[in-house]
Amino acid sequence: MRNTRATQPLFDMSKPGRRATQFPECDVPVVPITKLLPASALATAAPALPELGEPDVVRHFTNLSTLNMSVDTHFYPLGSCTMKHNPKRNERLASLPGLLDLHPLQPAESLQGMLALLFELQEMLGEIAGLPAVSLQPAAGAHGELTSLLMAAAYFRERGAKRIKVLAPDSAHGTNPASAAVAGFEPVAVKSTPQGFVDLEDLQSKLDEHTAVFMITNPNTLGMYDPNMRRIAELVHAAGGLIYLDGANMNAILGISRPGDFGADMMHFNCHKTFSGPHGSGGPGAGPIAVTEALAPFLPVPIVARDGDGYRLASDRPQSIGRVRSFFGNVGILVRAYLYIRSHGPDGLRRVSENAVLNANYLLARVKHIFPVPQGDRCMHEFVASAAKLKTDKNISAMDIAKRLLDYGYHAPTVYFPPIVREALMIEPTETESKETLDAFAETLFRITEEPADLLHEAPHTTPISRPDEVRAARQPIMVAPPAGGSNVTRGE
Amino acid sequence: MPFLLNTAEDQQAMLAAIGVGSLDELFAMVPGDLRLARDLAIPPALTEMALTAHVQALARQNVPAGEKVCFLGGGSYDHFIPAVVDAIAGRAEFYTSYTPYQAEASQGNLQAFFEYQSLISRLTGMDVANASLYDGATAATEAVLMSMSATGRPRHVVTAASVHPEYRATLAAYLRNLDVEVTTVGTPSGGISPQDLVAAVREDTACVLVQHPNFFGCLEDVEKLAQIAHDKGAMFVVAVDPISLGLLKRPGDYDADIVVAEGQSLGNPLSFGGPYLGIMACRERLVRRMPGRIAGQTVDRRGKRCWVLTLQTREQHIRREKATSNICTNQGLLALRATVYLALLGPHGLRETAELCLQKSHYAAARLTAGGRLSLPFERPWFKEFVVRDRDGQVKQLLHDASDAGLFAGVPLGPWYPELTDCFLVAVTEKRSRDEIHALATAVAGGNRKVMAAHA
């Protein structure tokens, strides 16, 4: 049974005098604080944090956790974000003190195992990408996009070219145009065909001597492999531009098709999608990038270099764009990516993609008579079904279906994305689900479409809350707990 | 393959239902000439047992900070992490859950984010906080970008040389293509002087970025510096050490506009520099310019209090190129760790941690400088970290000798500050004991081992 007190805010539980941590007595001579720090720098009261005991904290957060769906507890048929099983071995091994308890500024000779691991990861990612030069620095996919665009800017600057435009399809992830803008480029949308492919005519009309980069997601956000990929690359390269591959969907083509081979000059991996870093309620991720030899000099510093038998962090790279974050990268996630790739090997990675694509196509085949897939009856690792007909016939929207699925113990699919499909339901079963799960999910979808529309409009019914008032949240934003309750703790000297 | 569930029989049945004859046929969409005709050239798969042995061998080639006595800082600190933090953050319902876009399926995460924001807001004295950014360096950079848009001054920013060099390098890389001039004010005294700042701030300056305590561990004259920035209409952006806020004035008290921090100190492992936690908090009037996710309180259709991701129109998935930033993934799990950590420490625990850092670092400084060879180049007050100068200029040898004696004694400053080649940075957290501090003093203050042996 769910603990109904679970949602009591932390601050309301505070009781003066409660403690959850104790520190040893100070074992060096204690000097009055005002002799060490000027009074003007000191706070007059302790921070207004709640006062709680360990059982309070443990129960509060444990109960909160039960209000979440998670991959370990539920099926997430969620397109675009690839929520699949996280191998438990990765967690155990990544927590070895020899990997976790390393300070980023300790001497290189005390880090040779870590640097060897990261060097090998660089090499493996380069091979999977078909692009030889890798940086493990970026903290997330969007950070990888930004890093690559900054490199493209440096690349063109070096050549004395003023290229200001970054093109991306209208079906692209929002991060693409946002990254272009943050990097100082002018983002330009390229039309998609009804099949979701790049509209070649529109692309051609927008390519010119000002085009720096064309960002493409392939397989795209509709789960389709663009059949014109080679032609697109030819057109962009002929215009002097670079191709950026948004690697969000790499789990469909591991060992099957390599971005470097199909024309990409730069790409990022989403370690948390493709190599199963835990999502952790929205991070941390890691977004390593791979680029061509021509772009390699511009990679951010440092990279891991091998000198004879030893490894070091190399920062002596004069053409580098510099740093895009502190220290080396989201190493904890990179270690999990390394473990994932080593668990699979070449055959295993290929089987990952085969099963991701098999599961998606199977589910598509099962549901398409009720939820038409405008892009046709084949897909890669995900597909975008449309509830447009249900909306017209029964007044059931994609959102209604998504919310009702929660009642049946399924996380909702991604809805209303990409924007080019009406009443979009973007479904990605991933390779780690079974036929039984997919069958049960399909049956549930059918069952929902038979339910009364009113029931669906008010769904979900069994979750801790139902249909929050998001407009109110945005119009009268309450983003922190009110000051009452546990605030203004007086400092005890 | 242990993570795949479809048996050969399942696969056949599924292929039949799809209407294709083989797995290979599923990839018909990929043009033949774009398909890899060979296996990937990566090592073959390892079983869990073999992988474990392999990784344990790699891990043994590293020296964990816990095996040496760690006096390393420079933006990453060996603070104590209560067991509860790992126990809670390791719960699968937090660990393997998705970004809380579906509020009904994510109330645990959303409430935890709301509590994180509340704790950070109270800690910093700011009105609002977001639900985290990548790390301290990118948070500082995002804050500068925010100040540029909020002030409508996109051409000039000022920072101090005492701001973490990697934060400044990150800022420079982000701004390189935006045609922004960055004035870096030198800090020969270990902090920025108000007179130098007055000379650097212009009518078109978007913000002044300082760190407090700064990269050298020293306190800055934040009240004066904020005043100077505001007099010219520039914003005051400050990067803080969250642990220091157990003792020091809150940035809200000295009129900061945006506060950022590296949140690693709050219950997150060293992890060779990442993943870390970018903290950001600001004044309410700036909230619509803030990057990243924000949890907001509302009610559901039954009138029950609940939480959602709010103000999403700032974000890239709605606003695309007009978004406040390109950030999509944040550091949710690390923000959760910080929330649990702060809930465990409470006001008194945080203050005690800060006091222990303060007392022990000052004791360490006194011991280190007692012998005469080492000195403190800066006279400013400091919190838990301080710069030490070796009069003999043998920093590399000295740190090497300390390492042989079982100590990571400090971070050499020469790579970032050529004028400080004879200096290193020592951090002393609450975890360091009197005996460890004495060992440090013995290893480095008495000179190299030969000298020590001669005196023995």
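So you know, we letter chains A, B, ... as the sequences are listed, proteins then strands, and number each from 1.
If you measure heavy-atom distances from B/Ile88 to chain A, the contacts under 4.5 Å come from the side chain alone. Contact annotation for B/Val84: only side-chain heavy atoms (C-beta onward) come within less than 4.5 Å of a heavy atom of chain A. Contacts of B/Pro82 with chain A are made by side-chain atoms alone, with heavy-atom separations under 4.5 Å and no backbone atom involved. Heavy atoms closer than 4.5 Å to chain A are found in both the backbone and the side chain of B/Leu15. Proximity to chain A (any heavy atom under 4.5 Å) is shown, for B/Arg35, by both the backbone and the side chain. At a 4.5 Å heavy-atom cutoff, the contact between B/Ile18 and chain A is made by backbone and side-chain atoms alike. For chain A, the nearby part of B/Glu223 is the side chain; its heavy atoms alone come within less than 4.5 Å. Heavy atoms closer than 4.5 Å to chain A are found in the side chain of B/Tyr363, but not in its backbone. Only the side chain of A/Pro187 has a heavy atom closer than 4.5 Å to any heavy atom of chain B. Both the backbone and the side chain of A/Asn359 have a heavy atom closer than 4.5 Å to some heavy atom of chain B. The part of A/Ile321 that comes within reach of chain B is its backbone (N, CA, C, O), which places non-hydrogen atoms under 4.5 angstrom from that chain. For B/Phe94, the parts sitting under 4.5 Å from any heavy atom of chain A are the backbone and the side chain alike. Both the backbone and the side chain of B/Asp33 come within contact range of chain A, with heavy atoms under 4.5 Å apart. Contacts between B/Glu48 and chain A at a heavy-atom distance below 4.5 Å involve backbone atoms as well as side-chain atoms. Only the side chain of B/Arg293 comes within contact range of chain A, with heavy atoms under 4.5 Å apart. Residue contact with chain A, scored on non-hydrogen atoms closer than 4.5 Å, involves the backbone and the side chain of B/Ile42 alike. For A/Asn86, the part lying near chain B is the side chain, with the backbone staying farther off; criterion is any non-hydrogen pair under 4.5 Å.
For the pair B/Ser403 (side chain) and B/Leu399 (backbone), a donor-acceptor distance under 3.5 Å is absent. Listed for the A/Asn68 side chain is a donor-acceptor partner under 3.5 Å among the backbone atoms of B/Asn109. At distances below 3.5 Å, at least one donor-acceptor pair connects side-chain atoms of A/Asn355 with backbone N or O atoms of A/Arg351. In terms of modelled atom types and a separation under 3.5 Å, the side chain of A/Asp101 and the main chain of B/Gly66 share a donor-acceptor contact. With B/Ser118 contributing its side chain and A/Val480 its backbone, the two residues share no donor-acceptor pair below 3.5 Å.
A/Met69 is not listed as a side-chain neighbour of B/Ser97, based on a closest heavy-atom distance of 4.5 Å or more. In this structure, A/Arg378 and B/Val20 have side chains that are in contact, with non-hydrogen atoms separated by less than 4.5 Å. Considering only heavy atoms from C-beta on, B/Tyr276 comes within 4.5 Å of A/Phe327 through its side chain. In this structure, the side chains of B/Leu270 and A/Leu100 stay at 4.5 Å or more apart for every pair of heavy atoms. You'll find the side chain of A/Lys84 stays beyond 4.5 Å of the side chain of B/Phe3, heavy atoms only.
In terms of non-hydrogen atom pairs under 4.5 Å with chain B, the most contact-rich of A/Ala116, A/Ala140, A/Gly322 is A/Ala140. Ranked by heavy-atom pairs under 4.5 Å with chain B, the first of A/Gly130, A/Ala178, A/Ser40 is A/Ala178. Interface check for chain B: of the options A/Ala183, A/Pro38, A/Ala153, the most heavy-atom pairs under 4.5 Å are formed by A/Ala183. Between chain A and the residues B/Thr99, B/Val308, B/Leu72, the most heavy-atom pairs under 4.5 angstrom are made by B/Leu72. For the set B/Arg320, B/Gln61, B/Glu321, B/Lys360, the count of heavy-atom pairs under 4.5 angstrom toward chain A peaks at B/Arg320. Contact count against chain B (heavy-atom pairs under 4.5 Å) is highest for A/Lys403 among A/Arg18, A/His272, A/Lys403. Counting heavy-atom pairs under 4.5 Å between each of B/Glu262, B/His317, B/Arg302 and chain A puts B/Arg302 at the top. If you tally non-hydrogen atom pairs under 4.5 Å between each of A/Leu339, A/Asp261, A/Ile128 and chain B, the highest count goes to A/Leu339. The candidate with the highest count of non-hydrogen atom pairs below 4.5 Å against chain B, out of A/Ala180, A/Pro477, A/Pro29, A/Ala154, is A/Pro29.
Aromatic ring centroids of B/Tyr134 and A/His143 lie under 6.0 Å apart. For A/His411 and A/His74, the distance between ring centers is not under 6.0 angstrom.
Here the CD-OG1 distance, from B/Gln297 to B/Thr310, works out to 11.5 Å after rounding to the nearest 0.5 Å.
Inspection of the B/Gln111 and B/Glu115 side chains reveals an N or O donor paired with an N or O acceptor under 3.5 Å.
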